[in-house]
Amino acid sequence: MANVTEYNYQFTGGPTGYANSRCIIRLRNGSSSVAYIYFVPDGQPIPPDTDGGPWIKMYLPESMILTVVDQLRNESPISVYYASGSAFLHTGREPIGEGEE
């Protein structure tokens with residue numbers, strides 16, 4: 001499990017985007033990349049998540065871009081990990097009913 005302390009993202013145009021992705025979010029812990037999230041055009045097959053290198057690759061449908069960006073902007077702590085053939089973007093424990101500040 002890796003803590004996520006920073007992120008950046010890029011959007012891509014064209015019929016299928018870049019590498020069949022509409023948006024790519026890079027998750028970092030300090031100066032190290034820990035995971036990439038690729039958003040596949042809706043209706044296209046979703047590739048399997050992988051953890052076969054220095055970082056995790058997670059694939060989601062493009063309809064989830066705003067949900068993920070919202071989580072990264074508003075939740076803390078956030079971690080990413082890979083288990084049982086899937087990548088997970090995870091928030092830390094949160095109190096019930098904390099609401100918006």
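For the single chain, residues carry numbers from 1 onward in sequence order. Owing to the predicted nature of the structure, the values given are computational and were not obtained by experimental measurement.
Between Val40 and Pro47, the closest heavy-atom pair is CG2-CD, 3.8 Å. When all heavy atoms of Ile78 and Leu72 are compared, the closest pair comes out as CD1-CA, 3.8 Å. When all heavy atoms are compared, the tightest approach of Thr91 to Gln71 is CG2-NE2, 3.2 Å. Of all heavy-atom pairs spanning Ile56 and Ala87, the tightest one is CG2-CB, 3.6 Å. The minimum heavy-atom distance linking Tyr81 with His90 is given by the pair CE2-CB, 3.9 Å. Between Arg22 and Gly17 the shortest heavy-atom distance is NH1-N, 3.5 Å.
Leu60 places none of its side-chain heavy atoms less than 4.5 Å from the side chain of Thr67.
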Report task. Apply side-chain contact (heavy atoms from CB on, under 4.5 Å) to Ile37 and Val80, showing your working. Result -> CA-CA 10 Å; Ile37 304 174; Val80 62; over 6 Å; no

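One N or O on the side chain of Asn29 and one on the backbone of Asn3 form a donor-acceptor pair closer than 3.5 Å. With hydrogens and angles disregarded, a donor-acceptor distance shorter than 3.5 Å links the side chain of Thr12 to the backbone of Ser21. Put simply, the side chain of Glu62 gets close to the backbone of Asp42: a donor and an acceptor are under 3.5 Å apart. Remark: side-chain polar atoms of Asp49 are paired, donor with acceptor, to backbone N or O of Tyr59 under 3.5 angstrom.
The OH atom of Tyr36 sits 12.5 Å away from the CD1 atom of Ile25 when rounded to the nearest 0.5 Å. A distance of 5.5 Å separates NZ of Lys57 from OG1 of Thr50, quoted to the nearest 0.5 Å.
Ring-plane geometry between Tyr9 and Tyr7 is classed as parallel, the angle between the planes falling under 30 degrees on a 0 to 90 degree scale with a further cut at 60.
Around the CZ atom of Phe11, the shell of radius 6.0 Å holds more than 12 heavy atoms that belong to other residues, nucleotides or ligands.
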